[in-house]
Visitor: 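Provided herewith is a single structure, encoded as structure tokens, for subsequent inquiry.
Values below: every heavy atom of this structure, side chains too, minus hydrogens, waters and symmetry copies. Every chain is numbered from 1 and lettered A, B, ... according to where its sequence line falls, protein lines coming before strand lines. What you see is a predicted model, and the numbers here were worked out from it, not measured in a lab.
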Amino acid sequence: MPELPEVETVIRGLRPHLEGARLARVEQRRADLRFPLPERFAARLQGRRIERIDRRAKYILAHLDDGAVLLCHLGMSGRMTLTGPGQAPVAIGPHDHIILVTDRGAELRFNDARRFGLMDLVASEDLESHRLLAGLGPEPLGNAFSGPELARRLRGKRSPIKAALLDQRIVAGLGNIYVSESLFFAGISPRRSAHSVQGDRAERLVMAIRSVLTRAIEAGGSSLRDYVQASGELGYFQHEWAVYDREGAACPGCTCDPARDGGIRRIVQSNRATYYCGRRQR
DNA sequence: ATTGGTTCCTGCTGGC
DNA sequence: TGCCAGCAGGAACCAA
């Protein structure tokens, strides 16, 4: 599930329970996730204090008191579930791969059925040059992301804009859902050549991306308050999807009849589903 | 160098 | 109702 807004929601849920806490017990239940876990993974985490939790693109970064950073990616199906002190223990499931227990009695589990997720331990001075982080494009909600910057990165790209926005080197944090949603709000067809998104179009796309991600984070945050755990669930934003997974439905921006014009379209681009309105998006 | 297709894995779902 | 093919929100890897 996790794209940038879901990862942001997860770290906001983890912070109050983990920042400042010491890892009293670490259990590693398998040797590999997507990649092999580093040598002595559990032993290196054991006894460390988590100083700060941040995010870069879809990566969770937990800064430890020995200068190492626990790097974590949720992949497609990764979830963090948190059980507070005093809550009833939950049986360990087959996909609970990593279990962290803090000195405050909170228990965090990393559960990932498909095991496309990953964890690594990196010295903080090597973080920027880490092979998974080094090539990432700008944060879409950061100051470095702007119309001219996006236009520059799209220059010369022959692929459709849909594929370019999924490329984490262009902008880091979008996935299949938020690309469809952002292109819809920008009024840009997912089939348009990436290099033709310049000037005002690039400006509109940047605004759309920021707005979609911001609204999704707000919706994720509201579900967190209800469930009081960093569950990795989508929150409420799925009810706000304009086009994603809405094939045949009425376009929220058009007044036309979906029964007559077919409504929202679903196409496949580079083996992934894309949803869009053929009228509003050019 | 880009680009597009394939692949890793398990769990759901939708169509029969 | 039950079964199973096909699809799923990521991204590294490979071949062209």
Visitor: For a side-chain hydrogen bond (donor to acceptor under 3.5 Å, both in side chains) check, start with the C-alpha distance between A:His130 and A:Asp120, then their side-chain angles and the critical distance, and finish with the verdict.
Guide: CA-CA 10 Å; A:His130 190 279; A:Asp120 199 3; 2.9 Å; yes

Visitor: With a 4.0 Å cutoff (strictly under), does any side-chain N or O of A:Gln168 reach OP1 or OP2 of C:dA11?
Guide: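 Affirmative; the distance criterion is met.
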
Visitor: Please determine, by modelled atom types, if A:Gln269 and A:Thr274 share a side-chain donor-acceptor pair under 3.5 angstrom.
Guide: yes

Visitor: Record whether the side chain of A:Arg272 comes under 3.5 Å of the base of C:dA8 through a donor-acceptor pair of N or O atoms.
Guide: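 Absent.
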
Visitor: Please report, rounded to the nearest Å, how far the P atom of C:dG9 is from the CG atom of A:Asp112.
Guide: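 So the CG-P distance, A:Asp112 to C:dG9, works out to 15 Å.
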
Visitor: Please confirm whether the shortest side-chain N or O distance from A:His95 to OP1 or OP2 of B:dG11 is below 4.0 Å.
Guide: yes

Visitor: Looking at the side chain of A:Ala113, which of C:dG10, B:dT10, B:dG4 is the nearest nucleotide?
Guide: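 Looking only at side-chain atoms, A:Ala113 lies closest to B:dT10.
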
Visitor: Using the P atom as the reference point in each nucleotide, state the distance between C:dG9 and B:dG14 in Å, no decimals.
Guide: 14 Å

Visitor: Separation of A:His97 atom NE2 from B:dC8 atom C1', in whole Å?
Guide: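 Going from A:His97 (NE2) to B:dC8 (C1'), I get 13 Å.
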
Visitor: Quick check for you: among B:dG4, C:dA12, C:dG10, whose closest atom lies nearest to any side-chain atom of A:Ser159?
Guide: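 My answer, after comparing the listed nucleotides, is B:dG4.
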
Visitor: List DNA chain B stems (3 or more consecutive Watson-Crick/G-U pairs, under 3.5 Å)?
Guide: B:2-8 with C:10-16, B:10-16 with C:2-8

Visitor: Reckon A:Leu166 touches a base, only the sugar-phosphate, or nothing at all at heavy-atom distances under 4.0 Å?
Guide: nothing

Visitor: Can you tell me if the side-chain N/O atoms of A:Arg115 get under 4.0 Å from OP1 or OP2 in B:dT10?
Guide: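 Answer is yes, contact under 4.0 Å.
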
Visitor: Atom CG of A:Leu118 to atom P of B:dC8: distance rounded to whole Å?
Guide: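 To the nearest whole Å, that distance equals 18 Å.
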
Visitor: Distance to the ring centre below 6.0 angstrom and angle to the axis at most 45 degrees; does that hold for A:Arg215 and A:Phe185?
Guide: yes

Visitor: Using atom types as modelled and distance alone, determine if a side-chain donor or acceptor of A:Arg22 lies under 3.5 Å from a backbone N or O of A:Gly47.
Guide: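 At least one qualifying donor-acceptor pair exists.
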
Visitor: Pick the P atom in C:dG6 and in B:dT6, then give their distance to the nearest Å.
Guide: 15 Å

Visitor: Can you check the distance between B:dC9 and C:dC14, where both ends of the measurement are the P atom (answer in whole Å)?
Guide: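 One P to the other, the span is 15 Å.
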
Visitor: Please report, rounded to the nearest Å, how far the C1' atom of C:dG9 is from the OH atom of A:Tyr178.
Guide: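 After rounding, the reported distance stands at 9 Å.
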
Visitor: Heavy atoms only, 4.0 Å cut-off, all strands: where does A:Arg158 land among base, sugar-phosphate and nothing?
Guide: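 If one applies the 4.0 Å heavy-atom cut-off, A:Arg158 turns out to touch the sugar-phosphate alone, with no base involved.
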
Visitor: Between atom CG in A:Asn271 and atom P in C:dC14, what is the gap in whole Å?
Guide: 18 Å

Visitor: With a 4.0 Å cutoff (strictly under), does any side-chain N or O of A:Arg266 reach OP1 or OP2 of C:dA8?
Guide: yes

Visitor: Does A:Lys157 put a side-chain nitrogen or oxygen below 4.0 Å from OP1 or OP2 of B:dT2?
Guide: no

Visitor: Can you confirm whether the side chains of A:Arg192 and A:Ser196 place a donor and an acceptor under 3.5 Å from each other?
Guide: yes

Visitor: What is the distance from CE of A:Met76 to P of B:dT7, rounded to the nearest Å?
Guide: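 So the two atoms are 15 Å apart, to the nearest Å.
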
Visitor: For A:Phe116 and B:dT10, give me the distance from atom CZ to atom P, rounded to whole Å.
Guide: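 Spelled out: CZ on A:Phe116 to P on B:dT10 is 9 Å.
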
Visitor: Starting at NZ of A:Lys162 and ending at C1' of B:dT3, how long is that distance when rounded to a whole Å?
Guide: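 Value for this atom pair: 15 Å.
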
Visitor: Looking just at side-chain N and O atoms, do A:Glu181 and A:Tyr276 make a donor-acceptor pair shorter than 3.5 Å?
Guide: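 Side-chain D/A pair, A:Glu181 to A:Tyr276: absent.
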
Visitor: Tell me whether A:Met76 is reachable from A:Phe35 by hopping between hydrophobic residues (I, L, V, M, F, W, Y) whose side-chain heavy atoms are closer than 4.5 Å.
Guide: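 In one cluster with A:Phe35: A:Met76, no.
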
Visitor: Heavy-atom count check: over 12 atoms from other residues, nucleotides or ligands less than 6.0 Å from A:Asp32 CG?
Guide: yes

Visitor: Does C:dG9 have OP1 or OP2 under 4.0 Å away from a side-chain N or O of A:Tyr244?
Guide: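 Yes, A:Tyr244 has a side-chain N/O under 4.0 Å of OP1/OP2 on C:dG9.
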
Visitor: Can you see if the side chain of A:Lys58 gets near the phosphate of C:dG9 - specifically, an N or O under 4.0 Å from OP1 or OP2?
Guide: no

